[in-house]
Novice: 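I have a structure here, written as structure tokens, and I will follow up with some questions on it.
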Amino acid sequence: SWTAQTVAARGEGMEMNMHLSNSRFTHVFDVVTADGVRSFVEGTLGPQGQVMTKEEAERQADIAMRMLKLEGIEASVKSRQIPELTLLVQSPAGRVEAIDAETGRIKWQLAVGEPDLPGAVPTANENYTASLSGSTLYVTEIATGKLVAQHSTRNIPGGSPTLTESHALVPLYRGAMEAVPLDPELAKAGSTFLSSFGSPTARPTLVGDILCWPTDRGAVYFADGARATDLFRVRTRDRIVGQVAYAAPQSFFVGTEDGYLICIDDKRESIVWDYLMGTPAAGTPYVLGDMVFVVTTDGMLHGVDAKLGVERWTRRGVRRTAGGIGNRLICEMFDGTLAALDVANGEALARVPMPRGATIIDNTITDRLYLVEGGRISCYRDADEPWPTIYFSVVKDKASHSGADSEDEPDTTEETAEASIAAESAADNPFAPDSPADGEDPFGGDSGADEDPFGDSGSGDDDPFGGD
């Protein structure tokens with residue numbers, strides 16, 4: 001579809017993310033006849049060489065339709081809105097670029113931080129982008145790249161930031177999530193902190209106002225991203241591999257090192273099914289249609305029914321999933337090829353060799369494939385699909401959670417977050433120095449009242465996810 005030369009895509013370690021806008025669109029007006037479609041697109045050149053506004057594109061489409069009807073050809077005009085899609089790229093040297101994901105046009109470039117400091121995957125909301133250089137967070141305008149704020153995190157960042165409409169949230173290496181207000185006046189009061197047991201293992205996933213992230217202690221945390229407050233957490237059996245994947249309306253998927261694919265319902269706040277793969281997950285699950293796909297470390301691709309959690313098919317020799325185009329799952333294979341697999345049965349519909357040294361960028365949002373090779377980013381699409389198909393919707397109704405409607409203002413200081421983490425760590429430690437007093441039954445007995453010694457109980461002050 002397009003190829004763009006970009007400084008940020010040079011060398012290994014380049015990070016990329018895609019932002020799907022839910023407020024900015026390109027308007028397209030299609031003149032449809034029995035013989036085909038002619039499109040008039042906002043922002044492109046009109047018949048006289050002028051850049052067309054939305055109104056002008058609509059007017060030109062109406063003129064074209066009327067001309068066809070005068071010739072006796074049946075025609076109609078259909079309109080559509082294409083959401084703005086922006087690729088955000090950050091190089092190891094700290095250069096951030098914003099690229100139009102449909103045309104390859106570079107919108108802006110900006111150097112952040114020092115070249116020798118570690119960075120992270122850039123992220124964005126409707127108004128801003130955020131990137132990291134070392135322990136400094138840089139916030140820029142998404143339209144222009146103008147730097148509007150920078151903030152030093154309280155501890156070493158443990159992963160890439162995420163932007164909600166109100167906060168920049170940065171996972172910290174020690175486990176907490178630092179929430180930095182984007183409003184300059186609120187930022188003067190300082191950051192708030194969300195507790196997190198264990199270090200983050202991947203970039204947080206944001207769906208509407210729901211923010212969730214996995215940890216190396218097998219927990220998946222859910223938070224209200226708009227209010228920067230904890231909602232609940234779900235514990236799994238082992239370390240989680242990759243990001244949390246999402247399927248509308250309320251299902252979240254993770255793969256674990258002990259070989260499970262797990263589905264979490266965010267309204268039930270619990271695991272609804274788990275699927276045993278037998279070997280550790282190798283990356284983030286990928287959702288396409290009514291199926292969820294995950295690759296294991298032995299190269300086995302599992303195609304699983306997203307609703308029921310039952311296996312539909314498996315296929316060997318897969319390195320990782322890269323995206324989806326229609327009914328085809330695109331996978332990078334161990335034999336050095338890029339394969340299009342039939343979603344229904346896993347059969348290979350086509351194979352092409354991967355260029356040496358090239359990397360396919362994961363894309364869970366649209367049906368486009370992005371290939372990085374040297375200093376070039378190339379976009380590929382189905383020849384019959386000039387406009388992107390959106391797989392991942394950023395708009396999600398707020399779920400009703402036990403922690404979401406509390407009128408009490410939560411205690412979100414760093415000390416409280418660290419105390420919650422310490423309390424959870426102690427509860428998980430079977431050798432913690434909490435021996436029973438003389439005469440007490442170490443296995444519970446009557447002295448334990450109604451408490452379960454193996455439960456996750458505790459006072460509301462100790463457990464941020466406990467009941468009232």
Novice: Between Arg312 and Asp290, is there a salt bridge with N-O shorter than 4.0 Å?
Specialist: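 So Asp290 pairs with Arg312 through a salt bridge.
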Novice: So does Ser131 get a backbone contact from the side chain of Gln90, meaning a donor-acceptor N/O pair under 3.5 Å?
Specialist: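 Side chain of Gln90 to backbone of Ser131, a donor-acceptor pair under 3.5 Å: no, none is there.
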Novice: First locate atom CD of Gln243, then atom OG1 of Thr284, and finally report the distance between them rounded to the nearest 0.5 Å.
Specialist: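 Output value for this atom pair is 5.0 Å.
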Novice: Roughly how far, to the nearest 0.5 Å, is CD1 of Ile330 from CG of Leu369?
Specialist: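 Between Leu369 CG and Ile330 CD1, I get 5.5 Å after rounding to 0.5 Å.
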Novice: Testing Lys78, Arg38, Arg80 one by one against Asp30 for a salt bridge (Lys or Arg N to Asp or Glu O under 4.0 Å), which residue passes?
Specialist: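 One option only clears the test, and that one is Arg80.
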Novice: To the nearest 0.5 Å, how far apart are OG1 in Thr129 and CD in Glu97?
Specialist: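 If we round to the nearest 0.5 Å, Thr129:OG1 and Glu97:CD are 12.5 Å apart.
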Novice: Quick check: closest heavy atoms across Glu42 and Thr53, and the distance to 0.1 Å?
Specialist: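 In this case the closest contact between Glu42 and Thr53 is CG-C, 4.0 Å.
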Novice: Using side-chain heavy atoms (C-beta onward) and a distance below 4.5 Å, is Met52 in contact with Arg59?
Specialist: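 The answer is no, as the side chains (C-beta and beyond) never meet within the 4.5 Å cut-off.
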Novice: Checking the side chain of Tyr286 only, and the main-chain atoms of Gly324 only, is there a donor and an acceptor separated by less than 3.5 Å?
Specialist: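 Flag set: sc Tyr286 to bb Gly324 pair under 3.5 Å.
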Novice: Taking atom types as modelled and ignoring hydrogens, do the side chains of Gln250 and Asp265 form a donor-acceptor contact shorter than 3.5 angstrom?
Specialist: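 Note: Gln250 and Asp265 side chains meet the donor-acceptor criterion.
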Novice: Only one of Leu163, Leu206, Asn22, Thr164 clears side chain to side chain contact (heavy atoms under 4.5 Å, CB included) with Asn125; which?
Specialist: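 It is Leu163; the other options fail the test.
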Novice: Are any non-hydrogen side-chain atoms of Pro171 and Trp213 less than 4.5 angstrom apart?
Specialist: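 In short, these two side chains do not touch, never coming nearer than 4.5 Å.
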Novice: Under the 3.5 angstrom rule, does the side chain of Asp216 hit a backbone N or O of Ser199 as a donor-acceptor pair?
Specialist: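 Checked: pair present.
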Novice: Are any non-hydrogen side-chain atoms of Asp62 and Glu58 less than 4.5 angstrom apart?
Specialist: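 Counting from C-beta outward, Asp62 and Glu58 never come under 4.5 Å.
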Novice: Can you tell me if Thr297 and Thr279 form a side-chain donor-acceptor pair at under 3.5 Å?
Specialist: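 No, Thr279 and Thr297 have no side-chain donor paired with an acceptor closer than 3.5 Å.
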Novice: Indicate whether any N or O donor in one side chain lies under 3.5 Å from an N or O acceptor in the other, for Asp35 and Thr33.
Specialist: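 Asp35 vs Thr33: no donor-acceptor pair found between side chains.
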Novice: Will you find, in the side chains of Glu126 and Ser23, an N or O donor that is under 3.5 Å from an N or O acceptor?
Specialist: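 On atom types as modelled, these side chains qualify, holding a pair under 3.5 Å.
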Novice: Establish, from distance only, whether the side-chain atoms of Thr26 and Glu84 form a donor-acceptor pair under 3.5 Å.
Specialist: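 Side chains of Thr26 and Glu84: no pair found under 3.5 Å.
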Novice: Are Val89 and Pro122 close enough that some pair of their side-chain heavy atoms sits under 4.5 Å apart?
Specialist: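 Val89 does not reach Pro122 side chain to side chain.
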Novice: Would you check if Trp273 and Leu261 make a side-chain contact, meaning some heavy-atom pair closer than 4.5 Å?
Specialist: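 Yes, side chains in contact.
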Novice: For Met277 and Met300, run side chain to side chain contact (heavy atoms under 4.5 Å, CB included): C-alpha distance rounded to whole Å, both residues' side-chain angles, the deciding distance at 0.1 Å, then the answer.
Specialist: CA-CA 9 Å; Met277 300 177 291; Met300 181 72 80; over 6 Å; no
Novice: Contact between Tyr391 and Thr389 at the side-chain level, heavy atoms closer than 4.5 Å - yes or no?
Specialist: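 Heavy-atom side-chain distance check passes, below 4.5 Å.
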Novice: Specify whether Phe232 and Phe222 have parallel, tilted or perpendicular ring planes, treating 30° as the upper limit for parallel and 60° as the lower limit for perpendicular.
Specialist: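 The arrangement is parallel - the two ring planes meet at less than 30°.
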Novice: Quick one: which of Thr123, Leu211, Val170 gives a side chain to side chain contact (heavy atoms under 4.5 Å, CB included) with Pro204?
Specialist: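 Testing Pro204 for a side chain to side chain contact (heavy atoms under 4.5 Å, CB included) against Thr123, Leu211, Val170 leaves exactly one candidate, Leu211.
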Novice: Can you tell me how far the NZ atom of Lys146 sits from the OH atom of Tyr128, to the nearest 0.5 Å?
Specialist: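 Answer for the NZ-OH pair, Lys146 versus Tyr128, is 10.0 Å.
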Novice: Mind checking whether Leu341 and Leu301 have side chains closer than 4.5 Å, heavy atoms only?
Specialist: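 Yes; the side chains approach each other to less than 4.5 Å.
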Novice: Rounded to the nearest 0.5 Å, how far apart are CD1 of Ile142 and OG1 of Thr86?
Specialist: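 So the gap between those two atoms works out to 5.0 Å.
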Novice: Do Met354 and Met333 touch side chain to side chain, with heavy atoms closer than 4.5 Å?
Specialist: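 In short, these two side chains do not touch, never coming nearer than 4.5 Å.
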Novice: Can you tell me which residue among Lys54, His27, Arg24 is in a side-chain hydrogen bond (donor to acceptor under 3.5 Å, both in side chains) with Gln81?
Specialist: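 Among Lys54, His27, Arg24, the one that satisfies the side-chain hydrogen bond (donor to acceptor under 3.5 Å, both in side chains) with Gln81 is His27.
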